[in-house]
Amino acid sequence: MKFYIKEIQLTDSKTWKLQGFSEEKINSIQAYYNEVQEYKHPEQKLNIPFTQDKNSFTAIISVDELANLSLPNNQTFWKFKVNGVYPYTHLITDGPIINKPFQPENSLYQYHFDFPEGILTLVRKPTELLASIENYTLNADMISGSIKIKSSLPINQFNTKLIFKRRSTPSFYLFHEQHQSFDLRFINDNTVSYSIPVKELTTDFLVDNTNILDAMIELSSSGNKIGLSAFLSIDLEMKPSIPREIEIAAPVFASLRSYVTGSNRLSFYFKKNIQGLVSLSQFKETKKDFSFQLKLENSISEGQVVAKRADKKADTFEYNVEQTWPLKKILTKYSAQINKDNFLSGSLNKPDAQWDFFLRSANMPDLPILVSDNIDFRSSELFDIAKKQFKAQLIKNDSNNLSCRTVSAPKIKQDLTKIAVLGTCFSRNAFNSSPYFNPDYKTFFECSFTQFHSSIISIMTKPANLINLDKYTDITANEKSYVDEDWGKKFFINLKKSNSDYFLIDLYSDVIRPVIWIDKETAISLSYVIEQSQLLNDISYERILDHIDNETYFEEWKYYADQFIEKLTEIIPANRVILNLGGFTTSYYDEKGKVVNYKNKMGIEKNNYFWDRLNNYFLSKLPEAKVIDFSKKNYIGDFNYPFGHSFSHFESSYYKDFLKELIYITKS
């Protein structure tokens, strides 16, 4: 059966009268379309009234009813079907039917009938709308200027708005979430002016740390909630005047920067400007709890400390889960104490999660807690939470703010190997449970004793009773422990107490760091800690043994290495000593993943040469020692190394393979 349209007539600019021929009785006629946006939407349907006289029928289509159901700001293709039983029968034509495009008064859309493959189709098409910036100013108080609108429409008959729309993510330039509109007024000649107080920008835009707002103009007729919109284009001569940036003070704490996109459109970076307003000035951790003191730039009321779980959201993250603790004020100081038993309790956790800490107060955005330079979490250990289902560890995140990471608690085996370490990050960082290193190392090893950044020469001399380190604020508490251990000369006492199964050593400090001789019986290691502190200038000494003349250094070092090995093997059997041969890298992956050579390549190679010599001597005196040798595996450095890239820091795979090798040595 077929239903043909023979004539289309527009009546009173409100309805179309369709006259046609029917092969049989018509029960119903419906106009419909399917919206396709990521997926095919259910039909939008409109019942069309009709009359039938034998083989002739007449249908009436209301312009207003069709307009109300059509897609805003997009073309809509309405088709017409007869009866409500599938398969449907379309209204068709047996040849072209003359009809003129029609645009109702005060409408932003044109209508015309088309006949693809003979199927009657009513097309609703938006009128072309273009807009460009003519004048632009951004200052601390106002976004202002004028916009030229190009369209065949009688512009002054429509409502005009300037709309800011926040992109879901920077790369999703066609998808927006929050938006805000401002009414505009006409000047003349299709030009509108805008004057938007900066303070009226909604803080709802401040979702992520950096948010992109696209500027658009919208025309709408009275009674229509959604109108036609267009991005604001930037002509070549206007480009230099667009880039501007302002700071928005309390209580918003943000910056607003306008720029021209790659498509020559006006957009804005609306960034949170909350970094550094709160800092962690003191931190203390015990087995039962941890407490900290905060330094604030502004006074607050109703303060709380909040931990928020950072959940992945495309290329960024969002906070949906949180836990809060009260903040106490004593005079001008704010402090919090958190019991580990109650920390992140309940069903809040998931493996490999990061929790970021904030200060919350009335009438203020949540402010991240900056970790001061004198606070170092690198020695902070994982502790049990959530009834030992997870472990947590406080860290300084990539923005230098206070965070916590959580991992699933490993099932600890009873045959853990206790291992003592003398050396540096070449060896000790294999026993770091962050994702970059080895999250599950505690399944296999217990680090029973560690001494960092001490040379063999220093270890074998008498204690150094020098300077009170407490007054040096340019050394973190963790770094002070390195210096204390080096000066105290209790290495062998602590090693024996540790009751270790194995002893792991690397000779980094002997290869590259000088030795300060305080007098003829006492030497200390000139570690990076001392070098970067005022302490370096406050130490009285007799001489410095450095690496300008490695031969002289080597001869003196051998004497103390012999004594060290002899005393070491009184505590640890020779075949339970593991020498990490180490070695520096001459290249690294930069921030774009490209392999880049370090500039002082020749100096690095010279140090590797000397390292080989020390290793060879050590093994000549202790041939039973086990060896970890990665010299043929060509590991290089990585810009993303958690503690900063250098020629002594390697890509993640080095530490993971190191642990595997250590397991093989100790478990086989």
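- Put simply, the side chain of Asn616 gets close to the backbone of Asp612: a donor and an acceptor are under 3.5 Å apart.
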Task: Stepwise ring-ring contact (aromatic ring centres under 6.0 Å, His included) test for Phe630 and Phe650 - done: CA-CA 12 Å; Phe630 285 162; Phe650 287 92; 9.0 Å; no
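- Side-chain atoms of Ser646 come within 3.5 Å of backbone N or O of Ser648 as a donor-acceptor pair.
- A cation-pi arrangement is found for Lys308 relative to Phe358, the charged atom lying closer than 6.0 Å to the ring centre and inside a 45° cone about the ring normal.
- Among residues two or more places apart in sequence or in another chain, the side-chain hydrogen bond (donor to acceptor under 3.5 Å, both in side chains) test is passed with Gln337 by Asp289.
- Distance alone, capped at 3.5 Å, is enough to place a donor-acceptor pair between the His547 side chain and the Asp510 backbone.
- A donor-acceptor pair shorter than 3.5 Å cannot be found between the side chains of Asn607 and Glu605.
- Here the side chains of Val371 and Asn400 are not in contact, with every heavy-atom distance at 4.5 Å or above.
- By the ring pair (Phe, Tyr, Trp, His ring centres under 6.0 Å) test, Phe449 is found to be paired with Phe491, residues two or more places apart in sequence or in another chain being considered.
- In summary, Glu381 and Lys442 engage in a salt bridge, as defined by a charged side-chain N under 4.0 Å from a carboxylate O.
- Aromatic pair Tyr528/His453: ring centres closer than 6.0 Å.
- By the 6.0 Å and 45° rule, Lys667 stacks over the aromatic ring of Phe445.
- In summary, of the residues considered (Lys272, Gln304, Arg360), a side-chain hydrogen bond (donor to acceptor under 3.5 Å, both in side chains) with Asp366 occurs for Arg360 alone.
- For the ring pair (Phe, Tyr, Trp, His ring centres under 6.0 Å) with Phe584, the lone residue among Tyr609, Trp611, Tyr598 that qualifies is Trp611.
- When side chains are defined from C-beta on, Trp517 does not count as touching Ile524, because their heavy atoms never get closer than 4.5 Å.
- Less than 6.0 angstrom separates the ring centroid of Phe283 from the ring centroid of Phe377.
- Under the side-chain contact (heavy atoms from CB on, under 4.5 Å) criterion, Lys497 pairs with Ile493, not counting sequence neighbours.
- Between the side chains of Ser500 and Ser448, a donor-acceptor pair is found at a separation under 3.5 Å.
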Open item on the list: Test side-chain contact (heavy atoms from CB on, under 4.5 Å) on Lys340 and Glu285; report intermediate values, then the result.
Closed with: CA-CA 10 Å; Lys340 289 182 176 179; Glu285 183 176 5; 2.9 Å; yes
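- For the residue pair Tyr472/Asn468, the side-chain donor-acceptor check at 3.5 Å is not satisfied.
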Pairs of donor and acceptor atoms involving the side chains of residues 425-433, under 3.5 Å and at least two apart or interchain, shall be tabulated with distances.
{"from": "Ser427", "atom 1": "OG", "to": "Asp506", "atom 2": "OD2", "distance (Å)": "2.8"}
{"from": "Ser427", "atom 1": "OG", "to": "Asn580", "atom 2": "ND2", "distance (Å)": "3.1"}
{"from": "Arg428", "atom 1": "NE", "to": "Thr450", "atom 2": "OG1", "distance (Å)": "3.0"}
{"from": "Arg428", "atom 1": "NH1", "to": "Phe431", "atom 2": "O", "distance (Å)": "2.9"}
{"from": "Asn429", "atom 1": "ND2", "to": "Tyr641", "atom 2": "OH", "distance (Å)": "2.6"}
{"from": "Asn432", "atom 1": "OD1", "to": "Ser434", "atom 2": "N", "distance (Å)": "2.9"}
{"from": "Asn432", "atom 1": "OD1", "to": "Ser434", "atom 2": "OG", "distance (Å)": "2.9"}
{"from": "Ser433", "atom 1": "OG", "to": "Arg405", "atom 2": "NH2", "distance (Å)": "2.8"}

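- The salt bridge (charged side-chain N to carboxylate O under 4.0 Å, His left out) analysis of residues 550-563, with sequence neighbours excluded, yields the pairs Arg543-Glu556, Glu551-Arg613, Glu555-Lys558.
- Listed by first then second residue, pairs satisfying salt bridge (charged side-chain N to carboxylate O under 4.0 Å, His left out) with a partner in residues 584-600 number zero, not counting sequence neighbours.
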TODO: Decide side-chain contact (heavy atoms from CB on, under 4.5 Å) for Phe658 and Asn438; before the verdict, give the C-alpha distance in whole Å, the side-chain angles of both, and the deciding distance to 0.1 Å.
DONE: CA-CA 10 Å; Phe658 189 97; Asn438 290 300; 5.9 Å; no
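- Contact between Ser455 and Ser525 at its shortest, heavy atoms only, is N-OG, 2.8 Å.
- In this model, no donor atom of one side chain and acceptor atom of the other lie less than 3.5 Å apart for Tyr588 and Asn597.
- For the pair Lys520 and Glu542, the salt-bridge criterion is met [side-chain N within less than 4.0 Å of a carboxylate O].
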